[in-house]
Each structure stands twice: as C-alpha cells, then as structure tokens.
Amino acid sequence: MKTGLTALKGTKDILPAEARLWQKAEALCREIFEAYGYREIRTPIIEPTELFIKGTGETTDIVTKEMYTFTDKGGRSITLRPEYTPSVVRAIIEHRLYLQPSPLRFYYFGPMFRHDRPQRGRYRQFHQVDVEVFGESDPALDAEILEMADYLLDRLEIKNRELLINSVGCPVCRPSYLAFLRQEAEKLKSQLCQDCQRRLELNPLRLFDCKEPTCQGITQSLPKITDHLCPDCQRHFDGLRRWLDFYRLSYRVEPRLVRGLDYYTRTTFEIISPDLGAQNALLGGGRYDHLMKLYGGPDICGIGFAMGLERVLSVAKISGDEEKTIYFAYLGERAKEYCLQLCRELRRLGLSSIIEYKERSLKEQLGRANKLGISWTIILGEEELTQGVVQLKEMASGEQKAVPLDQIIRVLKILERGQKKLADIDWQNRVNR
RNA sequence: GUGAGUGUAGCUCAACGGUUAGAGCACCGGACUGUGGAUCCGGUGGUUGGGGGUUCGAGUCCCCUCACUCACCCCA
C-alpha cells in the first residue's frame with residue numbers, strides 16, 4: 001500500500017527481526033563497557049547550537065553544512081546533535097562530575113543526526129555507541145581503550161578489520177607543523193587538484209585524504225606530522241605504540257589519518273573494515289585534551305571513540321537470541337479460562353507466552369504456532385481437563401507429552417533454560433521437597 | 001551540493017513497441033471434524049513511482065519530476 005508517507009530520506013525503520021540484533025549488540029557493548037569500569041550517561045538529543053559550533057569546530061563540514069538546526073518557540077537556536085562528545089563534556093561541567101575521582105569513564109548509546117547525502121553505511125539518523133574517559137593523560141589509557149575496542153569487535157564477530165593510529169600533535173607543535181606543511185605544499189600547488197588547492201587554504205591536513213592519484217603522489221613527499229611532534233607529543237605517541245605492542249595489538253601508523261573535528265589532540269585512531277564500502281570506519285576517535293577547558297571547565301584531558309552501529313551490524317556475524325515462546329492452543333470455554341490463568345502465571349515468571357482470543361480449530365492453532373516460530377505449544381481441551389494434564393508439544397521435534405497440571409510450570413522452566421529437551425524430562429519421579 | 005545506476009504484486013524477478021502485465025515465495029481458502037511443517041488444487045493482491053510527450057498502439061522510446069542505490073565530498 002502506497003500512502004505517500006514513508007520514512008524520511010536517510011532514516012530507516014528497524015523492524016523486529018533486525019531489532020533482535022541491535023539488542024544483542026547493545027547488550028554486548030554494555031557488558032564489556034561495564035566490565036571495563038564505564039558507566040552509562042544519558043543526555044538530551046537536542047542541544048544549544050553553540051555547543052557544536054564551539055566544540056566540533058566552526059569550519060568543520062559537520063557544523064557548516066550537516067547540522068539539523070532550527071529555532072524553537074523561544075527564539076533559541078537548537079541543534080539535533082551530530083556527534084556526542086560535546087554533550088558529555090557539557091554534562092560533566094554542568095554537574096561538576098569532575099569532582100569525582102578520576103579517571104571518569106562514560107558510555108552512551110543513541111541516535112545522531114547529520115544532513116549528508118545518504119549512501120552505503122551513511123544515514124541522516126544513525127546510531128553510535130560512544131565511550132569517553134576524562135582525567136588520565138597516560139598513553140597506557142589510550143592503548144587500553146583500543147584494547148577494549150578490539151575485544152568488543154571480537155565479541156561482535158567482526159574479523160576483517162584494521163587499526164590505524166596517528167598523532168595530530170598539540171597546540172605546541174601543530175601550528176608550526178601546519179605552517180611548514182602549507183609552505184611546502186604551496187611550492188607544488190599548481191600540480192594539485194581543485195579540491196586540494198582549496199584544502200590547502202582551509203585545512204592543509206586534509207591534503208592527505210585526497211583520492212586523486214596525482215595528489216597522493218605529491219602528498220607522499222610532504223612533511224608528515226609524526227616527524228614534527230614536540231617532545232611531549234612524541235613521548236606520548238611512543239608510549240602508545242609501546243603499550244599497543246604490550247597488548248599485542250597490530251596496527252598501522254597512518255600519518256594521513258586526520259580527524260574531521262577541531263578538538264582532537266595527539267592520539268587519533270580509526271578501525272576500518274574492508275567489507276564496508278566507501279564509508280569504511282567502524283569506529284573512530286582520539287584524544288581531546290583541551291575541550292573541557294574550551295567550554296569553560298577545568299583543564300582536564302579526555303579521550304574517546306564513537307562506533308557506528310549500522311556499520312558494525314552490517315558486518316557483524318552475531319545472531320539474535322533464540323526465540324523461546326509458549327503458545328496456548330485450547331478447545332472449549334473451560335479450557336480457555338484455564339489457559340488464560342496459566343498464561344498469566346507464566347508471563348509473571350518471565351516466560352514469553354502467547355494466547356489468542358479468536359476461536360479456531362486445533363489445526364489452525366498449531367498452524368499459527370508454527371508460523372509464529374513458537375518453541376512449545378500447550379494443548380488443552382476437555383479430555384485433558386478431566387485427566388488433569390496438558391499436552392505439551394515441542395514444535396521443532398514434534399515431541400509431545402502429557403504433563404500433569406501441577407508440573408507444567410516446572411517443566412516449562414527447564415525447557416526455557418535450554419537445559420533439557422522435552423524427551424529427556426521425567427516428571428513422574430520428581431523429588432518432593 | 002555533484003555524478004552515475006535502478007524503479008513492474010508484501011518480497012525476488014519475468015514480459016521483442018502489439019490481446020486482459022505474469023511466475024516463484026508470502027498471504028487467504030480447500031483436500032484434512034482434537035494435532036503444525038510436506039504435497040496438490042483454488043483465491044486475494046498492480047493507477048508498471050508520478051506527470052507529460054512520440055506512436056494506430058508504451059511497462060518498454062523521449063522529456064520532466066520523485067524515490068532508492070552506489071560513488072564523490074565528508075565521516076561513525
């Protein structure tokens with residue numbers, strides 16, 4: 001049916017079958033982050049526009065052309081967050097969370113919004129899981145975060161991936177490097193493509209990102225930031241590499257890796273997958289040692305990454321949890337009443353149970369149970385009621401047994417836990433307590 | 001914002017410019033009265049994305065438009 005009402009460009013519905021996978025991935029993230037000492041934080045989806053202009057960067061593409069910004073009824077400029085880090089930093093300053101023992105570790109799940117042209121792995125509403133750590137400058141932490149990301153991707157069953165790292169320096173070394181880079185690039189300007197000539201003015205680091213073969217050839221010879229770090233940044237970068245070796249994480253130093261946000265300092269990284277298409281980053285992040293101060297907070301360093309869930313799920317080999325649902329097939333009004341009561345009890349025990357109200361033949365009821373992917377069907381009619389049993393049918397095997405009414409809950413619990421198959425359960429010789 | 005490709009049933013796809021646009025899957029019903037999945041038979045379902053044009057005749061050719069996809073750009 002075409003109504004003309006469809007999801008907006010670059011957005012999509014996550015239907016129940018796929019939502020199962022999302023739940024699984026989110027549960028894994030949660031489990032791992034909690035184990036590494038991270039705690040969940042939730043902040044609003046809308047923020048004051050200035051938050052991103054100031055943090056993400058006035059000249060970045062995200063801010064200049066990709067934000068969903070509107071004026072609310074009070075005349076304030078509001079933006080649907082295009083990334084997460086500024087929100088956490090704002091919340092930490094607002095609630096003085098930095099007064100708690102550091103390092104502070106947070107994680108977050110949620111939708112982000114960027115008005116891009118959609119393509120494979122890129123949506124206008126997309127979902128990220130973010131982790132951020134504040135108050136620890138030791139490069140061992142940078143390595144720990146990457147070690148955690150590595151473990152997480154293992155658990156998500158994403159085999160094909162590569163870790164890229166770089167250092168983008170700091171306010172001490174970056175300006176002089178950029179000046180030097182610009183000076184060197186100017187000499188070759190006439191050979192560069194149109195885009196690169198523009199990049200040279202706006203953000204010369206981006207020259208390294210160009211895909212034009214001739215530009216790539218030229219940028220090979222341009223000075224690399226990793227050769228021009230100040231002693232502190234050099235020590236930090238060496239430390240990161242040493243700790244990555246300690247964890248036996250393989251990585252590639254990629255001087256071309258430039259993060260597109262203004263606040264990054266020192267460590268930047270990306271984990272990419274060749275299975276993804278042109279938008280190949282599974283996660284990306286880095287250090288932002290001066291962002292907190294920029295927002296008027298204390299001078300506390302930070303580091304974090306964002307992982308794109310749509311991209312992760314498009315290559316993850318995990319499957320959703322098995323459906324374990326009980327279906328009631330009944331014949332007659334008395335049986336219906338009994339089933340309704342039992343269904344209510346099972347639901348309160350957390351056992352997923354379905355009962356239907358329309359009167360159907362047993363054949364129809366079993367047929368529906370089959371289509372619904374039901375695990376076990378309880379069959380109850382006049383015969384069973386007089387005998388004090390229900391027929392319990394295991395749908396996958398077709399195995400069916402008469403179970404005494406006072407035993408059915410116990411039997412279903414065992415089945416639901418997956419400990420035994422119906423054929424292996426013996427309720428005649430149960431131990432009385 | 002730029003470029004290219006694709007739009008036919010809920011899904012996957014057929015149909016040389018020529019009858020009333022078909023098939024498989026799915027859905028509904030029957031064969032089958034308290035036992036599902038298989039098989040067989042039947043049925044519902046389409047403004048061929050939308051609009052205009054060429055033609056005796058358009059799903060098919062042309063133009064416009066919209067949507068989707070991929071890529072550039074940028075990034076998770």
Side-chain angles (χ1 to χ4, degrees), chain A residues 1-12 15 56 59-66 81-85 109-131 149 193-196 198-199 202-203 206 209-212 257-261 268-273 276-286 304-315 327 329-332 335 360-385 391-400:
Chain A
M1 198 172 315
K2 294 213 167 64
T3 60
L5 286 176
T6 55
L8 289 170
K9 186 195 276 286
T11 70
K12 64 170 193 166
L15 304 179
T56 311
T59 62
T60 58
D61 279 27
I62 290 179
V63 169
T64 55
K65 43 191 194 194
E66 295 173 8
R81 59 174 184 215
E83 57 142 346
Y84 195 62
T85 306
F109 291 88
M112 305 292 156
F113 304 84
R114 292 183 200 172
H115 193 101
D116 265 1
R117 187 82 174 261
Q119 71 183 74
R120 183 172 175 194
R122 187 166 76 187
Y123 304 93
R124 290 183 172 178
Q125 175 176 334
F126 60 101
H127 297 78
Q128 287 187 338
V129 20
D130 270 74
V131 308
C193 72
Q194 290 287 319
D195 280 339
C196 280
R198 189 175 46 86
R199 289 186 184 105
L202 296 172
N203 188 350
R206 289 232 160 267
D209 265 353
C210 190
K211 275 143 189 147
E212 287 289 326
L257 176 65
V258 173
R259 308 262 80 241
L261 310 170
T268 60
F269 55 85
E270 213 163 75
I271 296 181
I272 60 173
S273 164
L276 274 176
Q279 310 298 314
N280 65 353
L282 288 165
L283 63 85
F305 69 76
M307 184 171 84
L309 275 172
E310 283 84 357
R311 292 185 191 173
V312 159
L313 284 168
S314 74
V315 295
Y327 184 91
Y330 55 81
L331 295 159
R360 298 174 201 273
S361 70
L362 182 58
K363 182 186 183 62
E364 279 181 298
Q365 296 188 72
L366 280 162
R368 287 177 61 83
N370 190 53
K371 278 172 193 151
L372 290 167
I374 294 296
S375 308
W376 307 282
T377 299
I378 285 174
I379 302 167
L380 189 67
E382 285 299 324
E383 285 175 33
E384 287 77 19
L385 279 174
Q391 295 293 336
L392 178 59
K393 191 177 183 82
E394 191 172 68
M395 297 303 281
S397 64
E399 183 82 21
Q400 180 175 323

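Here the structure is a predicted model, which means the values were calculated and not measured. Because only heavy atoms are used, hydrogens play no part in the values below, and waters and symmetry mates are left out as well, while side chains stay in. We name chains A, B, ... by the order of the sequence lines, and we start the count at 1 in each one.
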Whole-Å gap separating [atom2] ([N]) and [atom1] ([X]):
| X | N | atom1 | atom2 | value |
| --- | --- | --- | --- | --- |
| Glu270(A) | A76(B) | CD | P | 7 Å |
| Arg360(A) | U33(B) | CZ | C1' | 17 Å |
| Leu257(A) | A76(B) | CG | C1' | 13 Å |
| Glu364(A) | G34(B) | CD | P | 9 Å |
| Glu394(A) | U35(B) | CD | C1' | 16 Å |
| Leu366(A) | G34(B) | CG | C1' | 9 Å |
| Ile272(A) | A76(B) | CD1 | P | 14 Å |
| Ile378(A) | U35(B) | CD1 | P | 19 Å |

Comparing nearest nucleotides in RNA chain B, the 5'-proximal residue of the pair Arg368(A), Ile62(A) is Arg368(A)
Taking for each residue the nucleotide of RNA chain B with the nearest heavy atom, is it Leu276(A) or Ala306(A) whose nucleotide lies nearer the 5' end?
-> Leu276(A)
By nearest atom, which of the nucleotides [options] is closest to the [X] side chain?
| X | options | value |
| --- | --- | --- |
| Leu362(A) | A76(B), G36(B), G34(B) | G34(B) |
| Glu382(A) | C73(B), C27(B), G34(B) | G34(B) |
| Lys371(A) | C27(B), U35(B), C74(B) | C27(B) |
| Leu261(A) | C27(B), G36(B), A76(B) | A76(B) |

Kindly say whether, by distance alone, the side chain of Gln365(A) makes a donor-acceptor pair under 3.5 Å with the base of G34(B)?
-> no
Polar pair under 3.5 Å, donor/acceptor by atom type, side chain Arg122(A), base C74(B) = yes
Partner set under side chain to side chain contact (heavy atoms under 4.5 Å, CB included) for [X], not counting sequence neighbours:
| X | value |
| --- | --- |
| Glu384(A) | Leu380(A), Val389(A), Gln391(A) |
| Arg368(A) | Tyr327(A), Glu356(A), Arg360(A) |
| Ser361(A) | Lys363(A), Glu364(A) |
| Pro111(A) | Ile45(A), Arg81(A), Phe113(A), Gln125(A), His127(A) |

[atom1] spacing across the pair [N] / [M], given as an integer number of angstrom:
| N | M | atom1 | value |
| --- | --- | --- | --- |
| G7(B) | C16(B) | P | 14 Å |
| G30(B) | G53(B) | C1' | 49 Å |
| U47(B) | A9(B) | P | 8 Å |
| C56(B) | A4(B) | C1' | 37 Å |
| C72(B) | G49(B) | C1' | 27 Å |
| C28(B) | C64(B) | C1' | 41 Å |
| A26(B) | U39(B) | P | 9 Å |
| A71(B) | C63(B) | P | 27 Å |

From [X] atom [atom1] to [Y] atom [atom2], the distance as rounded to the nearest 0.5 Å:
| X | Y | atom1 | atom2 | answer |
| --- | --- | --- | --- | --- |
| Arg120(A) | Leu276(A) | CZ | CG | 7.0 Å |
| Lys9(A) | Arg124(A) | NZ | CZ | 6.0 Å |
| Gln365(A) | Thr377(A) | CD | OG1 | 9.5 Å |
| Glu66(A) | Asp61(A) | CD | CG | 5.5 Å |
| Ile379(A) | Leu362(A) | CD1 | CG | 5.5 Å |
| Lys12(A) | Phe126(A) | NZ | CZ | 13.5 Å |

Mark up nucleotides 64-70 of chain B, 5' to 3', with B wherever a protein heavy atom is under 4.0 angstrom from a base atom, S wherever such an atom reaches only the sugar-phosphate, and - elsewhere.
-> ----S-S
Give one of base, sugar-phosphate or nothing for [X], where a contact means two heavy atoms less than 4.0 Å apart.
| X | result |
| --- | --- |
| Ala369(A) | nothing |
| Ser361(A) | sugar-phosphate |
| Leu282(A) | sugar-phosphate |
| Met395(A) | base |
| Gln400(A) | base |
| Gly284(A) | sugar-phosphate |
| Leu283(A) | sugar-phosphate |

Report the secondary structure of RNA chain B in dot-bracket form, marking unpaired bases with a dot and bases paired to a different strand with |, and treating Watson-Crick or G-U pairs with both distances under 3.5 Å as paired.
-> (((((((..((((....[...)))).(((((.......))))).....(((((..]....))))))))))))....
Within the structure, does a side-chain N or O atom of Lys363(A) lie under 4.0 Å from either OP1 or OP2 of G36(B)?
-> yes
Only one of Leu366(A), Ile378(A), Ile374(A) passes side-chain contact (heavy atoms from CB on, under 4.5 Å) with Lys393(A); say which it is.
-> Leu366(A)
Check whether any side-chain heavy atom of Gln279(A) sits under 4.5 Å from a side-chain heavy atom of Asp116(A), and report yes or no.
-> no
